[in-house]
Each structure stands twice: as structure tokens, then as C-alpha cells.
Amino acid sequence: MVDNNCIFCKIANGEIPSKTIYEDEEFRVILDLAPATKGHALILPKAHAKNLYELPEETAGKAMKLAKKMVITMTEKLGCDGFNLLQNNNEVAGQTVFHFHMHLIPRYENDNQHLEMKPTEVTQDELEAVRKQITE
Ligand code: 5GP
Ligand code: ZN
């Protein structure tokens, strides 16, 4: 349930103080210490799961529902113009804390923040090969 060596377990369960903006039996939502934008928050399940691979399906569903609720409330309160949801799994994908978390990143006109993806070019054949690899 809880990993004694995990900082987000300690934060989620209140052993280490945090700027909490929401809490219920299963989740805590905290402000990120190094925010990408004003109001950048993290949804933390209280039970330890390393990432989405390990997260129970039911918790994953609840996390997404909570994200929607937080996005609506935070948009009202902060007056932001949009939102990014970001969720990193494994080091190669940028995960640095190995307790599942979902980033809620409010976006503002001219916030000068860039969460960039670099588009690449592929052929229809290449797309089809990938489609087959995933579905067959
Ligand atoms: P990741 O790169 O694993 O998806 O994101 C980890 C996030 O956790 C980063 O945005 C980082 O700023 C935040 N973070 C790391 N340690 C702490 C902490 O002790 N408290 C809070 N509030 N945020 C943290
Ligand atoms: Zn943990």
C-alpha cells in the first residue's frame, strides 16, 4: 500500500506537509514545488503504484474523474485559458518520481511555457505497419 522510501507516499498520506488543494480517502492533490505555470498541480493516489503500468484500473478511472473535477474548479478559480494533463511513465518518458502522478497544468495566454512534441514524418505504409503491430 505504502512504500516507506517513497516521497510521494509520505506527501500523499500527510507525513510530509504539502500545499494541498484537494483531499479525499484515496487521493491528495498538491501544488508542484517547481511549477511550469501558476497553479501546476499533481494528483497523487494515497496507495503506492510506481506508474500507470502498476496502477489498478479502478484507481486510474477515479484519477481521470478527479482530473476533470480539478480542471473545472481550477479554471474557475485561477481564470486560466486552458489546461494540459501530463502523465509520465518510466525514466525514458521523463518520470522522475516513481509514484504515479498526473500533472494538471493550467495554461494562460502568453504564459511562455512550451510542452513540446516534435512531429515526425511517416508514410501511410509505416502507419499501417504500426497499426498492425498494435492490433494483431
Ligand atoms: P515527473 O517528472 O516524475 O512526471 O514529475 C515529478 C514532479 O514532481 C516535478 O514536476 C517536480 O517538480 C515535482 N516534485 C518533486 N518533488 C516534489 C516535492 O517534494 N513536492 C512537490 N510538491 N512536488 C515535487
Ligand atoms: Zn509511493
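Model, not experiment: these values are computed from the prediction. Whatever order the structure lists ligands and atoms in, that order sets their numbers, starting from 1.
Contact atoms of ligand 1 toward Thr96: 1 (P), 2 (O), 3 (O), 5 (O), 6 (C) (distance under 4.0 Å to a heavy atom of the residue). Heavy-atom contacts of Ile11 reach the following atoms of ligand 1: 18 (C), 19 (O), 20 (N) (cutoff under 4.0 Å). Atoms of ligand 1 lying under 4.0 Å from any heavy atom of Gln95, numbered from 1 in the order shown and given with element: 3 (O). Of all atoms in ligand 1, numbered sequentially from 1 with element shown, those under 4.0 Å from a heavy atom of Asn88 are 1 (P), 2 (O), 4 (O). The contact set between ligand 1 and Ala34, taken as ligand atoms under 4.0 Å from a residue heavy atom, comprises 12 (O).
Vertex the Zn ion (ligand 2); arms to Cys9 atom SG and Cys6 atom SG; angle 120° (nearest 10°). Angle ND1(His48) to the Zn ion (ligand 2) to ND1(His99): 110° [nearest 10 degrees].
Put simply, the side chain of Ser18 never gets that close to the backbone of Ile11: no donor and acceptor are under 3.5 Å apart.
Looking at Phe100 against ligand 1, nothing comes within 4.0 Å, counting heavy atoms. Under 4.0 Å from ligand 1, the heavy atoms of His103 that appear belong solely to its side chain.
Residue, atom and distance of the protein heavy atom nearest to atom 8 (O) of ligand 1 are Phe8 CZ, 3.5 Å. Closest protein heavy atom to atom 22 (N) of ligand 1: Leu31 O, 2.9 Å. From the protein, the heavy atom lying nearest to atom 23 (N) of ligand 1 is Leu33 N, 3.4 Å. Remark: minimum distance from atom 2 (O) of ligand 1 to any protein heavy atom is reached at Gly94 O, 2.8 Å.
Using cut-offs of 30° and 60° for the angle between ring planes, the His40 and His103 rings count as tilted.
Side-chain contact of Tyr22 with Asp24: a donor-acceptor pair under 3.5 Å is present, judged by distance alone.
For Asp32, a nitrogen or oxygen atom sits less than 3.5 Å from a nitrogen or oxygen atom of ligand 1, counting backbone and side chain alike. Considering backbone and side-chain N/O atoms, Ile7 never comes within less than 3.5 Å of an N/O atom of ligand 1. Note: no N/O pair closer than 3.5 Å links Leu42 and ligand 1 by distance alone. Any N or O atom pair closer than 3.5 Å counts here, and Val97 shares at least one such pair with ligand 1. Residue His101 has at least one N or O atom closer than 3.5 Å to an N or O atom of ligand 1.
With Lys46 as the partner, the salt bridge (Lys or Arg N to Asp or Glu O under 4.0 Å) test is satisfied by one option alone out of Glu15, Glu25, Glu23: Glu23.
Between Ile105 atom CD1 and Asn84 atom CG the span is 5.5 Å, to the nearest 0.5 Å.
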